[in-house]
Amino acid sequence: SWAVSPLGAIFERVDRSWSSDVGPTGGPLFHSHECRRKAEEADELAKKATDPAVRTAYEEIAQRWREMAERAERNKW
């Protein structure tokens with residue numbers, strides 16, 4: 001479970017974002033540019049992290065945001 005990790009809340013929130021491509025109003029949850037921006041933010045946090053486990057976690061989050069951006073681009077969001 002992500003809950004035991006220091007970044008558990010972040011992972012759980014990101015995981016929920018992947019559960020559906022469509023938000024409550026029928027539009028996309030995230031547009032590709034938003035996903036790319038969030039990936040960049042996670043990459044920056046990874047660079048600043050001194051704990052290897054935290055660095056890896058942020059790198060994984062960044063990768064997931066990039067995957068969401070690609071999905072959004074395929075769907076033309």
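Scope of the values below: all heavy atoms of this structure, side chains included, with no hydrogens, waters or symmetry mates.
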A.B. asks: Looking at Lys38 and Glu34, is there a salt bridge between them, counting it only when a charged N and a carboxylate O are closer than 4.0 Å?
C.D. replies: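 Here Glu34 does not pair with Lys38 in a salt bridge, since their nearest N and O are not under 4.0 Å apart.
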A.B. asks: Sequence neighbours excluded, which residues qualify as side chain to side chain donor-acceptor pair (under 3.5 Å) partners of Arg55?
C.D. replies: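 Per chain and number, Arg55 pairs via side chain to side chain donor-acceptor pair (under 3.5 Å) with no residue.
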A.B. asks: Do the charged groups of Arg66 and Asp43 touch, with an N to O distance under 4.0 Å?
C.D. replies: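 Looking at Arg66 and Asp43, the cut-off is met.
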A.B. asks: Would you sort out whether Arg36 and Glu70 count as a side chain to side chain contact (heavy atoms under 4.5 Å, CB included), showing the intermediate values?
C.D. replies: CA-CA 9 Å; Arg36 298 261 182 231; Glu70 290 168 8; 3.9 Å; yes
A.B. asks: Out of curiosity, Asp51 CG to Thr56 OG1, how far, rounded to the nearest 0.5 Å?
C.D. replies: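 Here the interatomic distance stands at 8.5 Å.
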A.B. asks: Drop me the distance from Trp65's CH2 to Arg37's CZ, to the nearest 0.5 angstrom.
C.D. replies: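 If we round to the nearest 0.5 Å, Trp65:CH2 and Arg37:CZ are 8.5 Å apart.
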A.B. asks: Dump the intermediate steps for salt bridge (Lys or Arg N to Asp or Glu O under 4.0 Å) on Arg71 and Glu67, then the final yes or no.
C.D. replies: CA-CA 6 Å; Arg71 187 181 332 172; Glu67 290 167 4; over 6 Å; no
A.B. asks: Between Met68 and Glu73, does a side chain to side chain contact (heavy atoms under 4.5 Å, CB included) hold up when you go through it step by step?
C.D. replies: CA-CA 9 Å; Met68 280 190 66; Glu73 289 165 357; over 6 Å; no
A.B. asks: Could you pull out all residues at least two apart from Glu40 that satisfy side chain to side chain donor-acceptor pair (under 3.5 Å)?
C.D. replies: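 Testing Glu40 for side chain to side chain donor-acceptor pair (under 3.5 Å), a comparison that skips the adjacent residues, returns none.
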A.B. asks: So, Glu59 and Lys47, do they make that salt bridge, N to O below 4.0 Å?
C.D. replies: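 No, Glu59 and Lys47 are not salt-bridged.
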